[in-house]
Protein chains: 2
Amino acid sequence: MPVNMAAKKEPRKSARYRDIAAELQKEIRLGSTPVGELLPTETELMARFGASRQTVREALRIVTEQGLIVRRAGLGSVVIAAEPPVLFTHSVKSLNEWLRYSNETYRQVVGSSDVVADRNLAALLKCEPGKHWFLIEAIRRSDEFADPLGWVEIYVLRKFAGVVKRRDHGRSPVHEQIAKMFGETIEYAQLEVFARGMPAKLAKALGVKAGSPALTMVRRYYGLREELFEVTVTTHPEGRYTYTMDMQRSLRPKV
Amino acid sequence: MPVNMAAKKEPRKSARYRDIAAELQKEIRLGSTPVGELLPTETELMARFGASRQTVREALRIVTEQGLIVRRAGLGSVVIAAEPPVLFTHSVKSLNEWLRYSNETYRQVVGSSDVVADRNLAALLKCEPGKHWFLIEAIRRSDEFADPLGWVEIYVLRKFAGVVKRRDHGRSPVHEQIAKMFGETIEYAQLEVFARGMPAKLAKALGVKAGSPALTMVRRYYGLREELFEVTVTTHPEGRYTYTMDMQRSLRPKV
DNA sequence: GTTCTGGATTTATACGGACAAATAAATATG
DNA sequence: CATATTTATTTGTCCGTATAAATCCAGAAC
């Protein structure tokens with residue numbers, strides 16, 4: 001029986017272009033070409049390594065993907081980092097995961113209205129004072145607990161007011177509904193978390209004392225052209241909600 | 001004078017391989033090749049598009065980078081997704097950015113001690129009860145404000161206790177010091193945020209009333225082999241600290 | 001001085017070919 | 001039957017070449 005050696009291991013007689021890429025990476029790390037300077041040209045590298053242009057370019061492609069250089073026609077390969085930038089990435093497929101609202105929670109709509117941002121609201125939403133918003137107020141509840149999880153204020157552009165009429169309105173995120181109904185998608189989002197005393201207005205609905213510790217999270221959603229189109233403000237009494245997030249180290253996010 | 005049309009715009013007569021890639025992507029999206037099936041071979045694509053193998057491979061590389069197919073020698077190009085997976089990524093180069101502690105803040109060490117996790121502490125740290133930790137207590141201050149920003153408890157494995165002796169101890173993140181001194185690096189991290197009443201023990205040091213609203217953030221750092229090696233617990237009085245985070249939509253994280 | 005032009009340089013795109021390695025299926029072997 | 005072995009197929013690696021597009025810079029034009 002043949003030995004079937006190292007079946008799934010890594011005997012991997014490395015490819016030529018990988019070797020060249022490793023060599024280039026090593027040299028960049030050691031500072032042979034300082035950040036901002038140009039790497040040798042493809043032609044020079046061909047001569048130096050005795051490889052074809054194809055092979056050299058393949059090697060340079062790897063170094064590019066590692067984030068060490070950028071290449072531009074007519075210029076050359078500019079070193080932009082000496083070390084592969086270590087990235088911690090938190091990637092999610094939908095903003096639901098980011099929000100960490102499980103499917104067991106839903107919004108019980110209390111009311112909705114047109115509002116105009118005064119100075120305070122404008123500061124909270126980070127929009128210009130006088131801007132018009134459609135406000136949806138709701139209580140977030142869970143199937144599993146009797147106490148409400150928190151109070152939700154959802155500000156959307158007036159043209160999106162129609163979302164409140166959807167059958168699934170209280171059960172799915174408003175930004176998803178906006179995407180389905182109007183095609184507006186989130187390109188950029190921002191999260192802000194802070195503690196404050198529970199506002200008197202919400203205290204009774206949530207069954208806690210005014211001024212008691214509360215967690216408030218503001219989420220701003222920007223669409224194309226960086227237009228702010230939705231802001232949600234959620235306020236949770238002490239002990240009813242914890243926001244958690246994981247981060248994974250990765251040199252380059254995998255598929 | 002030549003018109004120099006569209007100087008920096010995008011007249012971009014697309015490259016051949018980009019066109020082919022776009023066509024393939026479109027077809028995959030429309031389901032011409034279901035997920036799990038094989039794309040036509042390179043040879044077939046060469047014939048179909050009247051392009052060289054190089055060009056076809058370049059196109060396939062793009063589709064691969066989009067996350068729609070995986071390619072394997074001897075097998076072919078397997079379709080793994082009909083739509084480019086939309087990811088929201090929050091990537092940072094160091095966990096400092098994640099922590100959002102600017103350089104203008106520092107820790108004023110109050111004391112340090114060996115502790116053994118009792119049931120409460122074990123629950124907070126998510127470790128097994130009885131585990132030994134080295135605890136550093138400090139007040140986080142800013143050069144710009146008189147009031148302290150918050151209270152910091154840093155739990156590290158006992159073998160890392162030496163970090164308190166560093167000259168820069170109060171000015172740089174402990175996990176960085178551990179990396180420099182002991183080579184332990186963060187592979188995985190976890191953040192937890194919640195509101196609570198300010199513990200009496202910290203209230204005086206922070207100049208607020210016990211029970212007043214406070215923001216508590218727990219950060220857990222895991223090294224290789226998923227070993228928990230550092231946990232920090234920071235508690236901020238109302239109005240002294242806001243945690244913010246941005247998320248960017250990206251099909252594939254750029255350099 | 002400034003602005004434009006042309007040429008040299010460099011990477012981008014694209015063609016051709018060849019052999020190696022990986023895989024799956026068919027075939028030979030026990 | 002089960003198990004090696006071979007064979008055909010497909011992608012991976014590598015070479016050669018050619019032209020286009022982007023960039024920089026020196027020199028011309030003003």
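In what follows, every chain begins at residue 1, and chains take the letters A, B, ... in the order their sequences are listed. Worth knowing before you read on, the calculation uses all heavy atoms, side chains too, and leaves out hydrogens, waters and symmetry mates.
- For the OP1/OP2 pair of C:dA12 and a distance below 4.0 Å, the side-chain nitrogens and oxygens of A:Arg71 include at least one atom meeting the criterion.
- The side chain of B:Leu75 has C:dA24 as its nearest neighbour among C:dC15, C:dA24, C:dT13.
- Atom CD1 of B:Ile178 and atom CG of B:Leu157 lie 7.5 Å apart (nearest 0.5 Å).
- The aromatic rings of B:Phe182 and B:Phe160 sit tilted relative to each other, their planes meeting at an angle between 30° and 60°.
- Salt bridge status for A:Arg48 with A:Glu27: present, with a side-chain N to carboxylate O gap under 4.0 Å.
- Rounded to whole Å, the distance from CZ on B:Arg61 to P on D:dG12 is 9 Å.
- Nucleotide C:dA21 holds its C1' atom 13 Å from the CZ atom of B:Arg72, rounded to whole Å.
- Atom CZ in A:Arg53 sits about 13 Å away from atom P in D:dG16, given to the nearest Å.
- Remark: A:Thr55 is in phosphate contact with D:dC15, judged by side-chain N or O atoms under 4.0 Å from OP1 or OP2.
- We find that CD of A:Gln54 is positioned 11 Å from C1' of C:dA14, with the value rounded to whole Å.
- Summarising the geometry of A:Met217 relative to A:Tyr243, their closest heavy-atom pair is CE-CD1, 3.5 Å, with the distance given to 0.1 Å.
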request  = Begin with the C-alpha distance, continue with both residues' side-chain angles, and end with the deciding distance and a verdict on side chain to side chain donor-acceptor pair (under 3.5 Å) for B:Ser172 and B:Gln177.
outcome  = CA-CA 7 Å; B:Ser172 71; B:Gln177 300 173 29; 3.0 Å; yes
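- Mapping A:Ala73 and A:Val56 onto DNA chain D via the closest heavy atom, the residue that lands nearer the 5' end is A:Val56.
- When each of A:Gly74 and A:Ser52 is assigned the nucleotide of DNA chain D with its nearest heavy atom, A:Ser52 is the one assigned upstream, toward the 5' end.
- For B:Ala15, the listed nucleotide lying nearest its side chain is C:dT13; candidates were D:dA22, C:dT13, D:dC15.
- Contacts between residues 32-41 of chain B and DNA chain D, defined by a heavy-atom separation below 4.0 Å, involve B:Thr41, listed by number.
- One atom, CZ of B:Phe49, and another, C1' of C:dC15, lie 17 Å apart when rounded to the nearest Å.
- Taking the charged nitrogens against the carboxylate oxygens, A:Glu58 and A:Arg16 have no contact shorter than 4.0 Å, which rules out a salt bridge.
- Atoms CG (A:Leu60) and P (C:dT13) sit 14 Å apart, rounded to a whole Å.
- Here the CD atom belonging to A:Glu23 is positioned 9.5 Å from the CD1 atom belonging to A:Ile20, to the nearest 0.5 angstrom.
- Nucleotide C:dA20 holds its C1' atom 13 Å from the OH atom of A:Tyr17, rounded to whole Å.
- Atom CE in B:Met46 sits roughly 13 Å away from atom C1' in D:dT11 (whole-Å rounding).
- Look at A:Arg16 and you won't find any side-chain N or O under 4.0 angstrom from OP1 or OP2 of D:dC14.
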